[in-house]
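The block underneath contains the structure these notes are about, expressed in structure tokens.
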Amino acid sequence: MGWDAFGLPAENYAIAHKVHPADATAKNIKRFKTQMMAAGLSYDWSRELSTADPAYYQWTQWMFVQMFHRGLAYKAEKPITWCPSCKTTLANEDLENGKCERCHSQVERRLMKEWMIKITDYAERLLDEVRLLEWPESVKEMQRNWIGRSEGYEFDFRIEHRHELLRVFTTRLDTLYGVTFVVLAPEHPLVEAITAPEQREKVKHYVRVVTNKTDLDREAQKEKTGVFTGAYAIHPATKERIPIWIAEYVMMNYGTGAVMGVPAHDERDFEFAKRFDLPVKEVVSEQGIPRGSLDRAYVAKGILVHSGPFDRLPAHEAAAKIAQFIGAHPAVKYRLEDWEFARQRYWGEPFPLVFCPECEKRVRRGETKCRGKAYSKGELQNPGWIGVAEAQLPVKLPNVKSYAPTGTGESPLAAMKAWVKTRCPKCGGAAQRETDTMPQWAGSCWYYIGFALGRQKLKLKPSQAKLFWDRKALKYWLPVNFYVGGVEHATRHLIYARFWHKFLYDIGVMPSKEPFAKLVNQGLILGPDNEKMSKSRGNVINPDEVIKQYGADTLRMYEMFMGPLEATKPWDTQGIIGIHRFLNRLYALFEEATRKRKPSGKKMGERPTSSEPGTKQRINQALHRAIKKVGDDILALRFNTAISTLMELQNVISISHHKLSARDMRSMMKTMLILVFPFAPHLASELWSSVEKTLIEKQRWPKYSTVLVAEQRVTYAVQVNGKLRDTLAARADASEDEVVARARAGAKIASWLAGKKVRHTIFVKGKIVNFVV
RNA sequence: GCCUGGGUGGCGGAAUGGUUUACGCGCAAGACUCAAAAUCUUGUGAGAGCAAUCUCAUGUGGGUCCGAAUCCCACCCCAGGCACCA
């Protein structure tokens, strides 16, 4: 078990309850642990870890600093998501429908300079290597959509009277001759430079209005809006003058932030052209014959028309030829953006980075080393930022009195002058620590590696990294064979962790390419009202209460019995009694079997000295089928049907067990206990230990007899024209002729067949006879 | 709008081409009890019938097949994801 203890969830809780996050976290861990132990969850507690433990987060810092040195982390001014309630920047992945996933506040965009991780460098591999994963198709698809690859071309428009070039990305270069305008995102860096003096006021006003909108407002905007810049681009093929507009429907964070407007063949461009009365020029049609006028965009691919030398070419061929003609080059774009990695909050891993003004000057002067120590790629790309040396890790999170977020864009750590002030690891000069902290995802990106390596390894110093990366252990344990987790991680933790793992693979410390080989999403248990459990709804089922009322075994077993593991299903307060009854009957049955107690209810005679053979055979068969079915079901994670099978077995035993000898009954019940043990370990081991000195968990899973499991007598369904008219009991090995003859002879069937001609007879061994008349 | 799941009794669900509704809950009747709870027994898809039995039923409509909850086509509804992605 690992405690993902840093980050917003823990800190927001601490603030709400006016306790220090470290204390709140410690208290909650203790409570969770008590609950888990009460439920009998058998984790290997010797490998327990917490992401907020310095022994753990020193390695998180070590990994980050490796990324930094290799140029994967950068500080750049960008419009970043800001949550006004959590008072911190957030990553795209932290949003849910444009709102903060933690507190559901409406977020804003703020121009800020924060640490970003170049996860986009890994976009291609994150996408491609999804194929290596045995994951639910839905999650794989969510990841593919999140990464969002699209292939197209990039090319530049010349701008009339200016030397700058305007780069656009398109997936439909075949529609180039249909371009009647160009659109820039309002935040596009060229907007100010190219805007004509007479349009300046209008453009400024528009940009201000649009950039003040929240993302949600911008999404809600249905009508197209925009404004003409007064500038013109030159069409690369026809050399026509093309008006340049800006509009909020073009996003700065995708592609190049500029698009070619082809109203005839793009729905959005069509809408925009209609709104602002721009020309619509048809250049693709289904059969190569122009329609003349379009009442909506024709977006399908087709044959080119009105496209100069490219007329009559099919789309794909045309795109390649046009690219050659105008000098466009193939390009791939991703929806995935770089990972906003800084939080202006207290409760997180401090960055292992310092800012050194002297080193900044040296790097800016073009020096590549300082006192004989070379600057890393990351240090050269981020002038002044220096990675903390391995020997100085961890950078411990200082204890503060005032941990509440400030809202100023600086974390509470910035107020800790003594902590902030430090020496540059490169030049020894005065330097300042980075005061932002890492997001809660950082620690959870590699906790499974922590489990694999064990606690002793975590306690090593980062300067002993070579010892830390125990290749043998990593090869033995990883990739994780089987990961059970909620689907809410699909485009968050599971993207980040895959990236993190691939980075560790690249630097040679991790032997596998992917962290989690097989994934299953367990369904959410809803409240009895079929809604997500929440305090405010008052529909929370507290496991402590359930355990108090029914015991831990009933709780565990009922959770498994409710339905398939993957299904989301409501807690049924009444349904749990069924499991409780099952366990009580098992207890009573076992007591009877071991003769510790007189059977309750009906008077029952002594057990016979030897079992009644038919009964013994019947019960034994049921037992062996259960051994097979329960075993198979557990491996296939079908716990609900495994439990049904145990109930069926118990029903068979309880009907006629009094015809079994004490010895037989006892031995069968002991086997059943082993089957029950994974589901109800407390009761099973209690009963086991009442008759055995061994431990039930040390027992081997029973073997079933294939002879007993095989059906000896079967019931045939007898149909006439596919409709069930009779059933027929027969030996499993009875021949077709025999079964068909007997089926035909049955009184019911005879009457259905009377006066009709049987055209043919279908026989499926062990299952069915069907007379077609 | 696009993508991914899913739709079976009063309820949770079982069955992935062969007796639809296993198992459990609930409900009804009975036993035990002064009574209740607990426990045990029996019954329980819908409709018709005294009954044997028959007809209908797996979101809707069509198709394939001796036979469809299951395979194919079209549509409807529910849940989740993405969404002005050029």
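Each chain gets a letter, A, B and so on, in the order the sequences are listed, and its residues count up from 1. It should be emphasised that the depicted structure is a prediction, and the values quoted were computed from it without experimental measurement.
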Can you tell me, in whole Å, how much space there is between the [atom1] of [N] and that of [M]?
{"N": "B:G80", "M": "B:C25", "atom1": "C1'", "answer": "28 Å"}
{"N": "B:A22", "M": "B:G12", "atom1": "C1'", "answer": "13 Å"}
{"N": "B:U58", "M": "B:C77", "atom1": "C1'", "answer": "16 Å"}
{"N": "B:C72", "M": "B:G18", "atom1": "P", "answer": "16 Å"}
{"N": "B:A46", "M": "B:G10", "atom1": "C1'", "answer": "13 Å"}

[Y] ring center within less than 6.0 Å of [X] ring center:
{"X": "A:Phe276", "Y": "A:Phe228", "result": "no"}
{"X": "A:Tyr558", "Y": "A:Trp571", "result": "yes"}
{"X": "A:Phe169", "Y": "A:Phe155", "result": "no"}
{"X": "A:Tyr249", "Y": "A:Phe272", "result": "yes"}

Note to self: Taking the cut-offs as 6.0 angstrom to the six-membered ring centre and 45 degrees off its axis, would you call A:Arg335 and A:Trp146 a cation-pi pair?
What the structure shows: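 Because its charged atom sits under 6.0 Å from the ring centre and within 45° of the axis, A:Arg335 does stack over A:Trp146.
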Item checked: 5'-most by nearest nucleotide on RNA chain B - A:Ile655 or A:Ala717 ->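 The residue closer to the strand's 5' end, by nearest nucleotide, is A:Ala717.
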Next item on the list: Would you mind telling me which residue lines up with the more 5' stretch of RNA chain B, A:Val714 or A:Arg638, judged by nearest nucleotide?
Entry: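 Final value for this comparison: A:Arg638.
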Next item on the list: Kindly indicate whether the side chain of A:Arg638, heavy atoms from C-beta on, has any atom under 4.5 Å from the side chain of A:Asn640.
Entry: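 A:Arg638 reaches A:Asn640 side chain to side chain.
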So what's [N] paired with, Watson-Crick or G-U wobble, going by both distances under 3.5 Å?
{"N": "B:C71", "result": "B:G63"}
{"N": "B:U16", "result": "none"}
{"N": "B:A38", "result": "none"}
{"N": "B:U58", "result": "none"}
{"N": "B:C27", "result": "B:G43"}
{"N": "B:G1", "result": "B:C82"}
{"N": "B:U53", "result": "B:A48"}

Hey, does [X] reach any base, or is it just sugar-phosphate, or nothing, if we go heavy atoms under 4.0 Å?
{"X": "A:Lys748", "answer": "sugar-phosphate"}
{"X": "A:Thr256", "answer": "nothing"}
{"X": "A:Val250", "answer": "base"}
{"X": "A:Pro136", "answer": "nothing"}
{"X": "A:Lys224", "answer": "base"}

Looking only at heavy atoms, which two atoms of [X] and [Y] are closest? And how far apart?
{"X": "A:Leu278", "Y": "A:Pro243", "result": "CD2-CG, 4.4 Å"}
{"X": "A:Phe771", "Y": "A:Val718", "result": "CE1-CG1, 4.0 Å"}
{"X": "A:Gln621", "Y": "A:Ala710", "result": "NE2-O, 4.2 Å"}

Checklist line | Residue pairs passing the salt bridge (Lys or Arg N to Asp or Glu O under 4.0 Å) test where at least one lies in residues 758-773 of chain A, sequence neighbours excluded | finding: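 Applying salt bridge (Lys or Arg N to Asp or Glu O under 4.0 Å) to every pair that reaches into residues 758-773 of chain A, excluding sequence neighbours, yields nothing.
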Can you name the atoms? Protein N/O to nucleotides 4-10 of chain B N/O, anything below 3.5 Å, with the distance.
none

Report the nucleotide, chosen from [options], that has the shortest atom-to-atom distance to any side-chain atom of [X].
{"X": "A:Met647", "options": "B:G24, B:U19, B:U39", "result": "B:G24"}
{"X": "A:Met251", "options": "B:C25, B:C56, B:A86", "result": "B:A86"}
{"X": "A:Phe561", "options": "B:C54, B:G12, B:C84", "result": "B:G12"}
{"X": "A:Trp752", "options": "B:U55, B:A15, B:U20", "result": "B:U55"}
{"X": "A:Arg585", "options": "B:G26, B:G13, B:C40", "result": "B:C40"}
{"X": "A:Ser150", "options": "B:G18, B:A86, B:U53", "result": "B:A86"}
{"X": "A:Arg335", "options": "B:U20, B:U53, B:C82", "result": "B:C82"}
{"X": "A:Tyr249", "options": "B:U53, B:C84, B:A86", "result": "B:C84"}
{"X": "A:Thr641", "options": "B:C25, B:G18, B:A14", "result": "B:A14"}

Checklist line | A:Glu137 and A:Arg144 ion-paired at < 4.0 Å | finding: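 Looking at A:Glu137 and A:Arg144, the cut-off is met.
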Checklist line | Syn/anti state for B:G13 [syn: chi within 90° of 0] | finding: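 This nucleotide is in anti.
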Might you list the N or O atoms of the protein lying below 3.5 Å from N or O atoms in nucleotides 63-72 of chain B, with each pair's distance?
unit_1	atom_1	unit_2	atom_2	d
B:C66	O2'	A:Asn770	ND2	3.3
B:C66	O2	A:Asn770	ND2	2.5

